[in-house]
> 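Mind having a look at this structure? Questions to follow.
Proteins get letters first, then strands, A, B, ... in listed order; numbering begins at 1 in each.
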Amino acid sequence: MLRSVSNKLTAFPTRSHVSSTASSNSWTTIVPALARFDSIGVLRAAVELINDGEKPDASPLVHLLRVSGNYGYVSLCQQLHGYVIKHGFVSDTRVSNSLMRSYKTSDSLEDAHKLFDEMPEPDVISWNSLVSGYVQSGRFQEGLCLFLELHRSDVFPNEFSFTAALAACSRLRFMRLGACIHSKIVKLGIEKGNVVVGNCLIDMYGKCGCMDDAVLVFQHMEEKDTVSWNAIVASCSRNDELELGLWFFHQMPNPDTVTYNEIIDAFVKSRDFNNAFEVLLDMPNPNSSSWNTILTGYVNSEQSGEATEFFTKMHSSGVRLDEYSLSVVLASIATLAVVPWGSLIHSCALKLGLDSRVVVASALVDMYSKCGMLKDAEVIFWTMPRKNLIAWNAMISAYARNGDSTGAIKLFNRLKQERFMKPDRFTFLNLLAVCSHCEVPMEVTLGYFEMMVNEYGIKPSVEHCCSLIRAMGKRGEVWQAKMVIQQFGFGYDGVTWRALLGACGVRKDLKAAKVVAAKMIELGDADEDEYVYIVMSNLYAYHERWREVSQIRKIMRDKGIKKEVGSSWIQGQNVAIQL
DNA sequence: ATAGGGTTAG
């Protein structure tokens, strides 16, 4: 954690050649300046003051740490940490807590946790700071574990302790734990008189799908602020209660940009793009989010063409494009696989300086891989300054999609070596998919499946099992695959049989296919039926059983099933996005 | 001189 053993703070460029302004400064003038505004100039002066031998006490140090943390000067924070240790400030919880905050804001959560572990007597603020650090960086489970640990410690939690924990429950859809925390809050008498706690409760119930409880909390709040109203409107929109949401909206005293964005989102979720667009044009202060909401709506409802058109409109209207605008439009381009548009957005990202943001870079990896440009995806991935699990998964799925099982497995092994990074169900989904599609030995595939269940405690989903079934079926282990289907209780799920039938089709195993097809017809899912007929007619044709082929073709004609003509999705012309 | 912790939108 500590890199500097020098007595001087060197991380921050000081202006030693300039006639020192520091001599005229002192902590009495610097501290109020640091307190009033985060300025690099004042920070520089403070660092010079320390290097000139003026010893700060706790308060200036707290300010210094806050400002250097806000600017992301990790190295300076680390050197100040050294200073703090050397001059015996570690036992000062205020100083240590502000050090923790600096590490958090400069994305060094691990350093913050280490410091926390070294603190002799962490107080409730230290705990809250660390819990919220985990929650804010998306590590919800770890945050909740710490929160529960706080309850077992001798430190007494306060209202601040609950808000981050509730936020984590919201994101994880942990309704039962959230409700437990709610009852604890009521017991401690915190519920009334704290707006933020109430807001978190509304949000938690809303995100967990408990609309009624969200409304109850809202109605019982003695004091409501804009966030409370926004949270209840958001809960309505999330739970497809457009009318109720509008009802709250019309009662709201002072709607702000977030409120209007929620209303846009509510319309978008009910596929009412006209009203969404009308709100966007009528609202007082639309921002990037307002536009992004509609853009996301198009992508989510699989209207990629509309999405790219809308993006062009955003650009020509002078809307400030942010990392979300770019990542969403990249997702729509990825489904269209129009390479020139993708490159255009890539250069747009470079120009805006957003290309190394995790969401943008992950979207670029995904876009290039869906356009079949694996090498470009690799370059983006390896040049990312920070990678989260989504980025790793995007790259593994890039290999999987392009049939490179060696690449996928290699990258998976790299991921396993990463500290603080744990493969999740999506990682294994891609890994198992590539194993089932390529010539990966069955025992290797089974090994990953078992690793997922035993080592990482991930419950296999239908999709995971389908990959396993496909892998077995392709190797002629149809009966074993049938056992997997039964064993995991997916016997009534047409998708699993479909996977097996597909595998039989690959192996040209007519005998096994007939058994599986009969099972699928018995389940009677219309969409699956269609697939059965196509696979079976191809199989009969392969075995030159023309009588059966014409019988099946007749059934297909009667049912109006048509065979899609195979074609490539990659497009390479007609640049329609104008930037 | 003396400001370490919390919530809502894509």
> Reckon A:Thr296 touches a base, only the sugar-phosphate, or nothing at all at heavy-atom distances under 4.0 Å?
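If one applies the 4.0 Å heavy-atom cut-off, A:Thr296 turns out to touch the sugar-phosphate alone, with no base involved.
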
> Are any non-hydrogen side-chain atoms of A:Lys207 and A:Leu166 less than 4.5 angstrom apart?
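With C-beta onward as the side chain, the pair stays apart.
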
> Which nucleotide sits closest to the side chain of A:Asn261: B:dG10, B:dA9, B:dG5?
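For the A:Asn261 side chain, the nearest candidate turns out to be B:dA9.
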
> How are the rings of A:Trp127 and A:Phe116 set relative to one another: parallel (under 30°), tilted (30 to 60°) or perpendicular (over 60°)?
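Perpendicular.
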
> Is the gap between the ring centers of A:Phe248 and A:Phe218 under 6.0 Å?
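Yes, the ring centres sit under 6.0 Å apart.
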
> Name the nucleic acid region contacted by A:Ser96, choosing base, sugar-phosphate or nothing; use a 4.0 angstrom heavy-atom cut-off, strictly under.
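Nothing, no nucleic acid heavy atom in range.
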
> Do A:Asp265 and A:Thr293 get their side chains close enough for a donor-acceptor pair, meaning under 3.5 Å?
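No, no side-chain donor-acceptor pair sits under 3.5 Å.
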
> Using OP1 and OP2 only, check whether a side-chain N or O of A:Lys269 sits under 4.0 Å from B:dA9.
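A:Lys269 to B:dA9 OP1/OP2: no side-chain N or O under 4.0 Å.
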
> By the 4.0 Å heavy-atom rule, please label A:Ser132 as base, sugar-phosphate, or nothing.
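Answer is sugar-phosphate: A:Ser132 comes under 4.0 Å of backbone atoms only.
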
> So, taking the atom named CG in A:Leu144 and the one named CG in A:Leu172, what distance separates them when rounded to the nearest 0.5 Å?
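That separation rounds to 6.0 Å.
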
> Could you walk me through whether A:Arg271 and A:Glu306 pass salt bridge (charged side-chain N to carboxylate O under 4.0 Å, His left out), step by step?
CA-CA 13 Å; A:Arg271 302 283 165 94; A:Glu306 283 79 359; over 6 Å; no

> Hey, could you give me the OG/NE2 distance between A:Ser98 and A:His63, rounded to the nearest 0.5 Å?
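With rounding to 0.5 Å, OG (A:Ser98) is 9.5 Å from NE2 (A:His63).
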
> Classify the ring geometry between A:Tyr73 and A:Tyr71 as parallel (under 30°), tilted (30 to 60°) or perpendicular (over 60°).
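Parallel: the ring planes of A:Tyr73 and A:Tyr71 meet at under 30°.
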
> Does NZ or CZ of A:Lys184 fall inside the cone over A:Phe162's six-membered ring, less than 6.0 Å from its centre and within 45° of the axis?
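No; the conditions do not both hold, so A:Lys184 does not lie above the ring face of A:Phe162.
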
> Does the base of B:dG5 carry an N or O that pairs as donor and acceptor with the side chain of A:Ser129 under 3.5 Å?
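By the distance-only test, no, there is no pair.
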
> Do A:Ile232 and A:Met211 touch side chain to side chain, with heavy atoms closer than 4.5 Å?
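Yes, side chains in contact.
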
> Looking at DNA chain B, which of residues 53-70 of chain A put a heavy atom within less than 4.0 Å of it?
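Going residue by residue through residues 53-70 of chain A, the ones with a heavy atom under 4.0 Å of DNA chain B turn out to be A:Asp57, A:Ser59, A:Pro60, A:Val62, A:Arg66.
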
> Taking the minimum atom-to-atom distance to the side chain of A:Thr293, which one of B:dA1, B:dG10, B:dT8 wins?
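Looking only at heavy atoms from C-beta outward on A:Thr293, the closest nucleotide is B:dG10.
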
> Which part of the nucleic acid, if any, lies within contact of A:Ser237, taking any heavy atom under 4.0 Å across all strands shown: a base, the sugar-phosphate backbone alone, or nothing?
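Since no nucleic acid heavy atom lies under 4.0 Å of A:Ser237, the category is nothing.
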
> Determine whether a donor-acceptor pair (one donor, one acceptor, N or O, separation below 3.5 Å) exists between the side chain of A:Asn199 and the base of B:dG6.
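Checked by distance alone, the answer is no.
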
> Can you identify which nucleotide, out of B:dT7, B:dG5, B:dG10, has its nearest atom closest to the A:Val196 side chain?
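So the nucleotide nearest the side chain must be B:dT7.
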
> If the threshold is 4.0 Å, N to carboxylate O, is there a salt bridge linking A:Lys192 and A:Glu159?
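No salt bridge links A:Lys192 with A:Glu159.
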
> Would you mind telling me which of B:dG6, B:dT2, B:dT8 lies closest to the side-chain atoms of A:Val31?
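Of B:dG6, B:dT2, B:dT8, B:dT2 is nearest to the side chain of A:Val31.
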
> Please determine which of A:Asn230, A:Asn285, A:Asn261 meets the side-chain hydrogen bond (donor to acceptor under 3.5 Å, both in side chains) test together with A:Asp256.
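It is A:Asn230, the one option of A:Asn230, A:Asn285, A:Asn261 that forms the side-chain hydrogen bond (donor to acceptor under 3.5 Å, both in side chains) with A:Asp256.
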
> Indicate whether OP1 or OP2 belonging to B:dA9 is found under 4.0 Å from a side-chain N or O atom of A:Arg238.
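So the side-chain polar atoms of A:Arg238 do come within 4.0 Å of the phosphate oxygens OP1 or OP2 of B:dA9, strictly under.
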
> For the side chain of A:Val197, starting at C-beta, report the closest nucleotide among B:dA9, B:dG5, B:dG6.
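Among the listed nucleotides, the one closest to the side chain of A:Val197 is B:dG6.
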
> Going by heavy atoms closer than 4.0 Å, what residues in residues 270-286 of chain A are next to DNA chain B?
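Result for residues 270-286 of chain A: none.
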
> Counting the benzene-type ring for Trp, do A:His151 and A:Phe147 have ring centres under 6.0 Å apart?
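They qualify: ring centres under 6.0 Å apart.
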
> Please tell me which of the listed nucleotides, B:dG5, B:dA9, B:dG4, lies nearest to the side chain of A:Phe160?
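Ranking B:dG5, B:dA9, B:dG4 by closest atom to the A:Phe160 side chain puts B:dG5 first.
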
> State which of B:dA3, B:dG10, B:dG4 makes the closest approach to the side chain of A:Arg36.
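Out of B:dA3, B:dG10, B:dG4, the nucleotide with an atom closest to A:Arg36's side chain is B:dA3.
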
> Please work out if A:Val95 contacts a base, only the sugar-phosphate, or nothing of the nucleic acid, heavy-atom cut-off 4.0 Å.
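A:Val95: no heavy atom of the nucleic acid under 4.0 Å.
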
> Between A:Gln136 and B:dG6, is there a contact of a side-chain N or O with OP1 or OP2 at under 4.0 Å?
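So the side chain of A:Gln136 is within the cut-off, an N or O lying under 4.0 Å from OP1 or OP2 of B:dG6.
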
> What contact category does A:Ala164 fall into here, base, sugar-phosphate, or nothing, at under 4.0 angstrom with non-hydrogen atoms?
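It contacts nothing in the nucleic acid.
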
> Among the nucleotides B:dG5, B:dT8, B:dG4, which one has an atom lying closest to any side-chain atom of A:Lys207?
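From the listed options, B:dT8 comes nearest.
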
> Among residues 223-234 of chain A, which ones have heavy-atom contacts with DNA chain B below 4.0 Å?
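Within this stretch, A:Val227, A:Asn230 sit under 4.0 Å of the strand.
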
